[in-house]
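Computed from a prediction, not measured in an experiment: that's the story for all the values here.
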Amino acid sequence: MKGYHKPCFLLITFLLLSCDRGLSPIPQTQLATISGGIHFIGVPKDSVKVLAVVLVQPSPPYASSSIISGLNTTIFPYPLSTISFRDTSYSFNVIPDATYHYIGVAQNFGDLFKDWKVVAFVHDAKDSATTFTLKAGEQRRGVDLVVRFDTLIRQPFIP
């Protein structure tokens, strides 16, 4: 029996040393960060079941089915409290060199799979959604959102 221990030990050692850590998470220093404040104006006209900042990789327009199916793969939610609607902040750690086409605040007011509307989004002077591509370690701060419950903004969804 003693003769089997040496080959098994060598095989296990070889396997452990040859692992390339392919499933290890990306180190924090190599991620990029997008963060900002959220400011609320007015009170919701509809009931608010879920309120979240959403960072989206694909470009608009969006079908509701693709939003739900993309959660946590190409669409990243940051849930907000729906109790007080007080100004707050958000922060996303993102994979560098990926392009993110949309950052907005989405409100669910009914059926979780179809009753959503955007109540704020980051846009340029021409009212087009701002696109972000960040390098490793880059931090984009001050990407603020103004939630206007008193005015419905342009929606990025297709029926």
Side-chain heavy atoms of P156 within contact of F121, under 4.5 Å:
no
Walk me through whether K45 and F109 qualify under side-chain contact (heavy atoms from CB on, under 4.5 Å).
CA-CA 10 Å; K45 293 180 180 180; F109 54 91; over 6 Å; no
Measure across L31 and P96 and return the closest heavy-atom pair with its distance rounded to 0.1 Å.
CA-CD, 4.2 Å
side-chain contact (heavy atoms from CB on, under 4.5 Å) assessment of Q57 paired with T99:
CA-CA 6 Å; Q57 277 187 300; T99 300; over 6 Å; no
Out of curiosity, does V54 fall in the hydrophobic cluster containing L152 (side-chain heavy atoms, cut-off under 4.5 Å, transitive links)?
no
Would you sort out whether F132 and V94 count as a side-chain contact (heavy atoms from CB on, under 4.5 Å), showing the intermediate values?
CA-CA 11 Å; F132 296 89; V94 298; over 6 Å; no
Looking at OH of Y78 and CG of L55, how far apart are the two atoms once the value is rounded to the nearest 0.5 Å?
13.0 Å
With a sphere of 6.0 Å drawn around NZ of K117, does it hold more than 12 non-hydrogen atoms of other residues, nucleotides or ligands?
yes
With a 3.5 Å distance limit and no angle check, can you tell me whether Q139 reaches the backbone of G137 through a side-chain donor-acceptor pair?
no
Show the nearest heavy-atom pair for residues V119 and Q107, with the distance to one decimal.
CG1-OE1, 3.5 Å
One should read off an interatomic distance between L80 CG and Y90 OH, to the nearest 0.5 angstrom, of 10.5 Å
The single option from I103, I34, T88 that satisfies side chain to side chain contact (heavy atoms under 4.5 Å, CB included) with V53 is I103
What's the shortest heavy-atom distance between Q155 and V118, and which atoms?
OE1-N, 2.7 Å
Charged N to carboxylate O below 4.0 Å: is that the case for K49 and D115?
no
Donor-acceptor pair, D87 side chain versus F40 backbone, under 3.5 Å?
yes
Which pair of heavy atoms, one from A120 and one from V146, lies closest together, and at what distance?
CB-O, 3.2 Å
Closest approach of A52 and P79, non-hydrogen atoms and distance?
CB-CA, 4.0 Å
d(I41 CD1, F149 CZ) to nearest 0.5 Å is 10.5 Å
Mind listing the closest non-hydrogen atom pair of L145 and G104 along with its distance?
CD2-CA, 4.1 Å
dist D124:CG -> T131:OG1 (nearest 0.5 Å) comes out at 8.5 Å
Centres of the F92 and Y100 rings: under 6.0 Å?
no
Nearest 0.5 Å please: distance from the CG atom of D144 over to the NE2 atom of H39.
4.0 Å
Tell me, with the steps shown, if V147 and L51 meet side-chain contact (heavy atoms from CB on, under 4.5 Å).
CA-CA 11 Å; V147 175; L51 189 65; 5.6 Å; no
In this structure, CZ of F113 is separated from CG of N108 (nearest 0.5 Å) by 10.0 Å
Y62 side chain reached by H101 side chain, heavy atoms, under 4.5 Å:
yes
